[in-house]
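Here the structure is a predicted model, which means the values were calculated and not measured. Here, residue 1 is the first one in the sequence, and each next residue gets the next number.
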Amino acid sequence: MTRQYSRSTFVALWVGLGLTVIAIVSAQLGRPIIGGHIRSGYPSISHNEIATGVDFYVTSLTIVGALGLLGWAVTIWSAHRGSRWIRWAAVLLALTGTSVAAFALLVRDTSGDTGLPPLIGTIGLLPCAAGLVAVILMFTRSATSANRNGAPMHRSPQPRTE
């Protein structure tokens, strides 16, 4: 038997995918912010070393974001198909994403400051909020069993003729 998810579950999943795109773009556009953050922690290092650090952070955030996009896409596709296992996979993906985002936000480097600027790290946490909402919606009874007529819940409702 396949599981059907509510429209709000799919909205949360698509919002999470969109927020992940925003996080990737913010990392790319935030190069000057990241560079300034590194410079403030290490005022004596050269411009080339700062550029290397910025490249490392931006590349790392982009790779993590691309993996996040893959996770969102697989989750959306599997939920659309009604796969029963996707609820637990979504929990695992949400916990992994939140752990990575929290680490990126909170990790301290040798200067004693956070490795990433707080703005960039906080933006990286936004998709995690959508993931939490999506997981909660996937596990709520009303989102998975309120559909009594057998029509998929993620599509426009058909008018009832009784």
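Residue G16 comes nearest to P127 through the heavy atom pair O-CB, 4.0 Å, listed as atom of the first residue, atom of the second, then distance. Residues A27 and V58 approach most closely at O-CG2, 3.5 Å, considering heavy atoms. Listed here is the closest heavy atom pair of M138 and R87: O-CD, 3.3 Å. For the pair L125 and A101, the tightest heavy-atom approach, listed with the atom from each and the gap, is CD2-CB, 3.5 Å. Across L116 and Y57, no two heavy atoms sit closer than the pair CD2-CD2, 3.6 Å. Minimum heavy-atom separation, V135 to A94: CG2-CB, 4.1 Å.
Among pairs with a residue in residues 92-136, none fulfils ring pair (Phe, Tyr, Trp, His ring centres under 6.0 Å), at least two apart in sequence or across chains. For residues 13-26, the side chain to side chain donor-acceptor pair (under 3.5 Å) pairs, not counting sequence neighbours, are T20-W72.
Between the side chain of H80 and the backbone N or O of Y5 there is no donor-acceptor pair closer than 3.5 Å. Counting only distance, with no hydrogens or angles, the side chain of S83 and the backbone of W85 share no donor-acceptor pair below 3.5 Å. Between the side chain of T59 and the main chain of F56, no donor-acceptor pair closer than 3.5 Å is present.
At a threshold of 4.5 Å between non-hydrogen side-chain atoms, the residues L61 and I120 count as touching. Residues D55 and R31 meet the side-chain proximity criterion, which asks for heavy atoms closer than 4.5 Å. When side chains are defined from C-beta on, I38 counts as touching I45, because their heavy atoms get closer than 4.5 Å.
Between the OG atom in S44 and the CD atom in E49 there is a gap of 8.5 Å [rounded to 0.5 Å]. The CG atom of L93 lies 5.0 Å from the OG1 atom of T75; values are rounded to the nearest 0.5 Å. Rounding to the nearest 0.5 Å gives a distance of 11.5 Å between CG of L29 and CD1 of I22. In this structure, CD1 on I123 lies 10.5 Å from CG on L19, to the nearest 0.5 angstrom. Note: T114 OG1 to H37 NE2 = 3.5 Å, rounded to the nearest 0.5 Å. We find the CG-OH distance between D113 and Y42 to be 9.0 Å, quoted to the nearest 0.5 Å.
Residues F139 and L95 share a single hydrophobic cluster, defined by chaining ILVMFWY side chains whose heavy atoms lie under 4.5 Å apart. At a threshold of 4.5 Å between side-chain heavy atoms, the hydrophobic network of Ile, Leu, Val, Met, Phe, Trp and Tyr places V21 and I24 in one connected group. There is no path of hydrophobic side-chain contacts, each under 4.5 Å, that joins V107 to L105. Linking ILVMFWY residues whenever their side-chain heavy atoms come closer than 4.5 Å, directly or via other members, leaves V74 and V100 in distinct clusters. Under the 4.5 Å side-chain heavy-atom criterion for grouping Ile, Leu, Val, Met, Phe, Trp and Tyr, I136 is not connected to L126 through any hydrophobic cluster.
For the 3.5 Å distance criterion, the side chains of D109 and S111 qualify, holding a donor opposite an acceptor.
Other residues sharing the hydrophobic cluster of W77, ordered by chain and number and joined by side-chain separations under 4.5 Å: none, the residue standing alone.
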Exercise. Please walk me through it: do T9 and S6 pass side chain to side chain donor-acceptor pair (under 3.5 Å)?
Worked result: CA-CA 5 Å; T9 302; S6 68; 3.0 Å; yes
